[in-house]
Amino acid sequence: MSKSEPLTEGTVIMADHQFAGRGQQSNVWHTEPGLNLTFSIYLKPAFLPITKQFLLNMAVSIGIRNALQLFIPEGIKIKWPNDIYHNDRKMGGVLIENILAGSTFKASVIGIGLNVNQSTFAPELENRATSMKGILKADVNLFQVLAEICSNIEKQYLRLKSGNYKDMITDYVSGLYKFDTLSSYRQNGEIIEGKIIDVTETGMLVVLVDGEKKEYNFKEIEFLNHTT
């Protein structure tokens, strides 16, 4: 295919070995060759207003969560905005790059990295990362996981197209890591205690702090390990 030829919507691009994948806030993603999934999905969400682009993030996150729950029924959560967690350990992440044409979406590239059969991690990640194999204590078929993720993302993408945003937000929020749990966060260098209670259509995290609802953007609040 020539570079000028457009990709078909739904095209999946695999990467056998991703040396330095990018995550949110410039975090680097490391993955071992042949053990994990690193792939991208090409979509054309022209139907979605630019102001509601975070809803695509929600649809993708729900799709991944639902797919993984077929293999691991308990403990799969999405850590806002788009990390994939099992209990308190990260097992993957999503990075969405949007291509705009004027005031509409031209395309979106959904980059997904997931620890599947990796069993060892760098020392600094040992207590913070996990994989499907680490949870299930058995190897998992990469292509079966890939097929389920793609199928479930498609279901949620069609749901997004239908315009039922309210139910999608509720679904996303209810499955968030630390949802409705009093937890510690760092905000402007200060430690605060609060409960995640919602996420807005634009992706702002709504946290209840001392009885007051406060909204935070991606880099305005940091999760801390301690949970009350």
Between [X] and [Y] (side chain of the first, backbone of the second, donor and acceptor by atom type, cut-off under 3.5 Å), is there such a pair?
{"X": "Glu212", "Y": "Val209", "value": "no"}
{"X": "Thr11", "Y": "Glu9", "value": "no"}
{"X": "Ser151", "Y": "Ala147", "value": "no"}
{"X": "Asn115", "Y": "Gln118", "value": "no"}
{"X": "Thr130", "Y": "Gly134", "value": "no"}

Less than 4.5 Å apart, any side-chain heavy atom of [X] and any of [Y]?
{"X": "Arg89", "Y": "Phe121", "answer": "no"}
{"X": "Phe218", "Y": "Trp80", "answer": "yes"}
{"X": "Ile13", "Y": "Val109", "answer": "no"}
{"X": "Lys90", "Y": "Leu125", "answer": "no"}
{"X": "Met132", "Y": "Ile135", "answer": "no"}
{"X": "Phe54", "Y": "Thr202", "answer": "no"}
{"X": "Arg186", "Y": "Ile221", "answer": "no"}
{"X": "Phe223", "Y": "Tyr177", "answer": "yes"}

Which heavy atom of [X] sits nearest to which heavy atom of [Y], and what is that distance?
{"X": "Lys178", "Y": "Ser183", "answer": "CD-OG, 3.4 Å"}
{"X": "Asn98", "Y": "Ser108", "answer": "OD1-OG, 2.5 Å"}
{"X": "Pro73", "Y": "Phe71", "answer": "CD-O, 3.7 Å"}
{"X": "Ile64", "Y": "Ile153", "answer": "CG1-CD1, 4.0 Å"}
{"X": "Pro49", "Y": "Phe105", "answer": "O-CE1, 3.8 Å"}
{"X": "Val116", "Y": "Val140", "answer": "CG1-CB, 3.9 Å"}

Do [X] and [Y] share a hydrophobic cluster, counting only Ile, Leu, Val, Met, Phe, Trp and Tyr and linking them when any side-chain heavy atoms are less than 4.5 Å apart?
{"X": "Leu136", "Y": "Phe143", "result": "yes"}
{"X": "Ile62", "Y": "Phe179", "result": "yes"}
{"X": "Leu205", "Y": "Ile169", "result": "yes"}
{"X": "Tyr216", "Y": "Ile197", "result": "no"}

Step through the shown structure and confirm whether more than 12 heavy atoms of other residues, nucleotides or ligands are within 6.0 Å of CD on Glu154.
no

Can you tell whether the side chains of Lys213 and Asp198 come within less than 4.0 Å, N to carboxylate O?
no

Any cation-pi pair here, Lys52 with Tyr165, using under 6.0 Å and within 45°?
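So Lys52 doesn't make the cation-pi contact.
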
Candidate list Gln156, Arg159, Lys166, test side-chain hydrogen bond (donor to acceptor under 3.5 Å, both in side chains), partner Asp171, passing option
Arg159

Identify the residue among Val94, Ile84, Val173, Asn57 that makes a side chain to side chain contact (heavy atoms under 4.5 Å, CB included) with Ile78.
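Answer to the side chain to side chain contact (heavy atoms under 4.5 Å, CB included) test with Ile78 among Val94, Ile84, Val173, Asn57: Ile84.
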
In a check of side chain to side chain contact (heavy atoms under 4.5 Å, CB included) between Glu148 and each of Leu146, Val145, Asn152, which one passes?
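In the set Leu146, Val145, Asn152, the residue that makes a side chain to side chain contact (heavy atoms under 4.5 Å, CB included) with Glu148 is Asn152.
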
